[in-house]
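Data first, discussion second: the structure below is written as structure tokens.
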Amino acid sequence: MSTHVGAPGPGPEGTSAGAADPRGSGADDDGPTGGAPSPAGDASAPAAADPAAAARDRRARRRRITGRVVVVLVVLLAVVLLLAGWLAFRAVQTVNALTDAKDAVSDVRGALDDGDTRTLEAALPQIQDATGRAHASSSDPVWRLAEHLPRVGPQLVAVSTVSAALDDVSTGALPAATTVTDLLGDGTSIRGADGRIDLEPFVAAAPDLVDAAAVARTASADVARIDTTELVGPLVSPVEEARDGLAQVAGALDAGAQAATMLPPMLGSEGPRTYLVAALNSAELRTAGGIVGSLAVIRADDGALSLVDQRSTDELKGLAEPVLPLTEEELAVEGPGLGRFVQNAVMTPDFPRSAQLLAARWQQDVGGAVDGVVATDPVAVAALLREVGPVTEPGGTTLDADTLLATLLHDAYLRYPDLRAADSFFADVASTIFGALGSGGGDVRGLVEVAADAGEEGRIRVWSAHPAEQERLLATALGGAFLSGPFDDAAGVFLNDGTAGKLDYYLRPTLTVEELRCTGAQPSATVRLDLAYDPPADVASFPENVTGTSGVVPVGSLATSITLYGPVGGAPQGLVTDQGVVGGRSATVAGRPVTVAGSRLDPGGRATYRFEVPVRDGRLSVWTTPSLTSPGSVAATCPGADR
């Protein structure tokens, strides 16, 4: 009886006998074709029966697999090294190109400051070539792929972002800077001997400037979003420099675009305009910088400016009722005097509201609507006079930038104890200075830069009766729209004289951010207000128009009202001294918590006040009253807040 070929038989632990052959029963089996069992010890027995041979076979297979893996790893390593070398090569190219660009930009900074168009135009191709090379070398597919690597990726992203932004600005924005430089220059191309400004170049340049400003804003925003906390040390400073530089370029081009689009119509390119100009007197503080000392009407007609009317505020007597209805909030904080007395129209921190009150008062008492209102303080006028040069008023007094403040705010009150005589002197000075400006005095570029700086410091404010223009002014420092503009996160601390005299000439207010706390659930800052009052020793003997008529403090002492505004939606916050919280009245204005407190300083007196302000989105802005020695705002930024 024969056994069926390949039939299973019992094996160890119940397994089949065939399972003992690790090679299976394929074609490589060395046994007889019929599958009959070989005699024991037969040399022709299958190799699988030899454990040593099976082990050798397994080792051979492992060697073959290992060899293949080694080959793959070597290839991968070669590719990685090749890519790393390519990246290193590209990085060197980028660094060299950015260095060339930086050197070229450094060379033209002086040209921009000096209005040297030729130097700027000559350097522009070099800058564009350098930034173009930097952008090209940091934007190829290998670089983009490597940007996804951990740790290395953020460094590469930062470099490529900066390179692209600089290239965009050099090609799409910087050429417009030559247009601005040409427009301003030394003024000979746009300003005639009679002082008339040629507005057509501004109209022609406006479209390019608007486009350039948009490019610069986008580039600045891209670089501002870079998280410098993820960068290695050597990269942090260059990225921050690029961020700050692009922000300056964007700001300058924005200002140029606004000037080119707004100045022509505001200066009468589309028909004559009339503006009410309020001269503020910083010797008697009000929120905007000082009481309204005098008013004038300026006519703008196709770039020519002329003085058509001028009034002392003494001619506009106090009213029994406000010139315009006041809100409950205004009555609670400023009182009815905001609308009854023209001098007090700038007690509100919102200049558009002040402008409405002033325009309404002029129309009621003098007659005629105005196209806008401008307010300026003596510090801004002194800076303009530095560009115009010395002037001599009809009474024979010569004024220059260094003597204007002392002459107007101190000497005049001692020389003219009668307020009407003093007002007449002020009117003569104002008309003389305006006459010098209107007739072509001063370098155009210098005048524009001075006016821009004064606007940033809150020393020049502008309101337009034309809605489209006013909408654009609202978002600028020049508009002074603390309550009605997009400044919800800003705080404010404003000063108003309570002595009814001119002693603020001797007051030195200083506002600082004492401590900035950027971490935690509710970031905040401590803001410090220092007041120093240093009048002459014989101040008590000065005329009453200087020492004051309020009677709330002894003669020679100074009373000041301090109004603290928190951000919209902020918690009520009072003023604190070393002795504790200063009492005062509280209110809510436009969603802001408001505290009004009083301060008294005797001659030589000092006072320090502190208050807490929430820091939102890593930024802090505090508006204040511009004084003779301090600007109208302070700001602080947390690290990384520009992202």
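Note that the structure is a prediction, hence the values are computed from the model and not measured.
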Checklist entry - Stepwise, does the side-chain contact (heavy atoms from CB on, under 4.5 Å) test hold for Met262 with Leu473? => result CA-CA 10 Å; Met262 293 179 67; Leu473 286 169; 3.8 Å; yes
Checklist outcome for this item: Between Val613 and Ala491 the two heavy atoms that sit nearest each other are CG1-CB, 3.8 Å
Next on the checklist: Checking side-chain polar atoms at under 3.5 Å, does Thr499 have a donor or acceptor matched by the opposite partner on Ser550?
Outcome noted: no
Checklist entry - Considering only heavy atoms from C-beta outward, does the side chain of Leu285 approach that of Thr560 to under 4.5 Å? => result no
Checklist entry - Hey, which of Leu529, Val634, Val527 is the one that makes side-chain contact (heavy atoms from CB on, under 4.5 Å) with Val493? => result Leu529
Next on the checklist: If you compare all heavy atoms of Thr595 against all heavy atoms of Ser586, which two are closest, and at what distance to 0.1 Å?
Outcome noted: OG1-OG, 4.3 Å
Checklist entry - Does a side-chain N-to-carboxylate-O contact under 4.0 Å join Arg353 and Glu334? => result no
Checklist entry - How close do Pro378 and Leu404 get, heavy atom to heavy atom, and via which atoms? => result O-CD2, 4.1 Å
Next on the checklist: Can a side-chain donor-acceptor contact be found between Ser464 and Asp371 if the only test is distance below 3.5 angstrom?
Outcome noted: no
Next on the checklist: To the nearest 0.5 Å, what is the distance between CG on Asp411 and OH on Tyr505?
Outcome noted: 7.0 Å
Next on the checklist: Would the distance check show the side chain of Arg459 and the main-chain N or O of Ser627 forming a donor-acceptor pair, the cut-off being under 3.5 Å?
Outcome noted: yes
Checklist entry - Just wondering, more than 12 heavy atoms not from Arg415 lying within 6.0 Å of its CZ? => result yes
Next on the checklist: What I want to find out is whether Asp314 reaches Arg420 closely enough, with some N-O distance under 4.0 Å, to be called a salt bridge.
Outcome noted: yes
Checklist entry - Do Val323 and Leu357 come within less than 4.5 Å of each other through their side chains, counting heavy atoms only? => result yes
Checklist entry - Is a side-chain N or O of Thr588 found less than 3.5 angstrom from the main chain of Gly591, in a donor-acceptor match? => result no
Checklist entry - With no hydrogens and no angle check, is any side-chain donor or acceptor of Arg361 less than 3.5 Å from a backbone partner on Gly339? => result no
Checklist outcome for this item: One should read off an interatomic distance between Glu393 CD and Ser431 OG, to the nearest 0.5 angstrom, of 8.5 Å
Next on the checklist: Which residue in the set Leu276, Val277, Leu307 passes side-chain contact (heavy atoms from CB on, under 4.5 Å) when paired with Val297?
Outcome noted: Leu276
Checklist outcome for this item: Between Thr287 and the options Asn496, Asn344, Thr348, Thr625, the side chain to side chain donor-acceptor pair (under 3.5 Å) test singles out Asn496
Checklist entry - Would you call Thr313 and Ile291 a side-chain contact if the rule is heavy atoms closer than 4.5 Å? => result no
Item to check | Distance-only donor-acceptor check, side chains Ser599 and Tyr609, under 3.5 Å | outcome: yes
Item to check | Nearest-0.5 Å distance, CZ of residue Arg592 to CZ of residue Phe487 | outcome: 9.5 Å
Checklist entry - What do you reckon, is CD of Glu544 surrounded by more than 12 foreign heavy atoms closer than 6.0 Å? => result no
Item to check | Test log, rule side-chain contact (heavy atoms from CB on, under 4.5 Å), inputs Ile433 and Val381 | outcome: CA-CA 9 Å; Ile433 294 174; Val381 175; 3.8 Å; yes
Next on the checklist: Donor-acceptor pair, distance only, cut-off 3.5 Å: does the side chain of Ser282 make one with the backbone of Leu628?
Outcome noted: no
Next on the checklist: For a 4.5 angstrom cut-off between non-hydrogen side-chain atoms, does Ser541 reach Val555?
Outcome noted: no
Checklist entry - Would you say Asp365's side chain and Leu316's backbone share a donor-acceptor pair under 3.5 angstrom? => result no
Next on the checklist: For the backbone of Ala283 and the side chain of Asn281, can you confirm whether one donor and one acceptor N or O come within less than 3.5 Å of each other?
Outcome noted: yes
Item to check | Ring centers of Phe425, Tyr413 separated by less than 6.0 Å | outcome: no
Item to check | Tyr533 OH to Leu507 CG distance, which is reported to the nearest 0.5 Å | outcome: 9.0 Å
Next on the checklist: Is there a side-chain contact (heavy atoms from CB on, under 4.5 Å) between Val346 and Arg461? Walk through the geometry before answering.
Outcome noted: CA-CA 11 Å; Val346 290; Arg461 306 285 176 89; over 6 Å; no
Checklist entry - Could you give the distance from OG1 (Thr608) to CG (Leu575), rounded to the nearest 0.5 Å? => result 11.5 Å
Next on the checklist: Under a 3.5 Å distance rule, please check whether Asp488 uses its side chain to pair with a backbone N or O of Val568 as donor and acceptor.
Outcome noted: no
Item to check | Taking every non-hydrogen atom, the tightest pair across Phe351 and Ala375 | outcome: CE1-CB, 3.6 Å
Next on the checklist: With a 3.5 Å distance limit and no angle check, can you tell me whether Ser354 reaches the backbone of Ala345 through a side-chain donor-acceptor pair?
Outcome noted: yes
Checklist entry - Just checking, any donor-acceptor pair under 3.5 angstrom between side chains of Ser524 and Arg517? => result yes
Checklist entry - Taking the inter-plane angle between the rings of Phe542 and His410 on a 0 to 90° scale, is it parallel (under 30°), tilted (30 to 60°) or perpendicular (over 60°)? => result perpendicular
Checklist entry - Between Arg286 and Asp497, is any pair of side-chain heavy atoms under 4.5 Å apart? => result yes
Checklist entry - Do Pro349 and Leu483 come within less than 4.5 Å of each other through their side chains, counting heavy atoms only? => result yes
Checklist entry - About how many Å separate CG of Asp309 and CG of Leu295, when rounded to the nearest 0.5 Å? => result 9.5 Å
Next on the checklist: Between Leu447 and Leu437, is the side-chain contact (heavy atoms from CB on, under 4.5 Å) condition met? List the steps.
Outcome noted: CA-CA 9 Å; Leu447 291 172; Leu437 285 169; 3.9 Å; yes
Checklist entry - Closest heavy-atom contact between Val450 and Ala383? => result CG1-CB, 3.4 Å
Checklist entry - Short question: side chain of Glu329, backbone of Ala590 - any donor-acceptor pair under 3.5 Å? => result yes
Checklist entry - Do Asp423 and Arg311 sit within salt-bridge range, that is, some charged N less than 4.0 Å from a carboxylate O? => result no
Checklist entry - Do the side chains of Ser561 and Val596 get nearer than 4.5 Å, heavy atoms only? => result yes
Checklist entry - Shortest non-hydrogen contact from Pro567 to Pro614? => result CG-CG, 3.7 Å
Item to check | Test item: Val582 and Thr577 side chains (from C-beta on) under 4.5 Å apart, heavy atoms | outcome: yes
Item to check | Donor-acceptor contact below 3.5 Å, side chain Glu457 vs main chain Ala454 | outcome: no
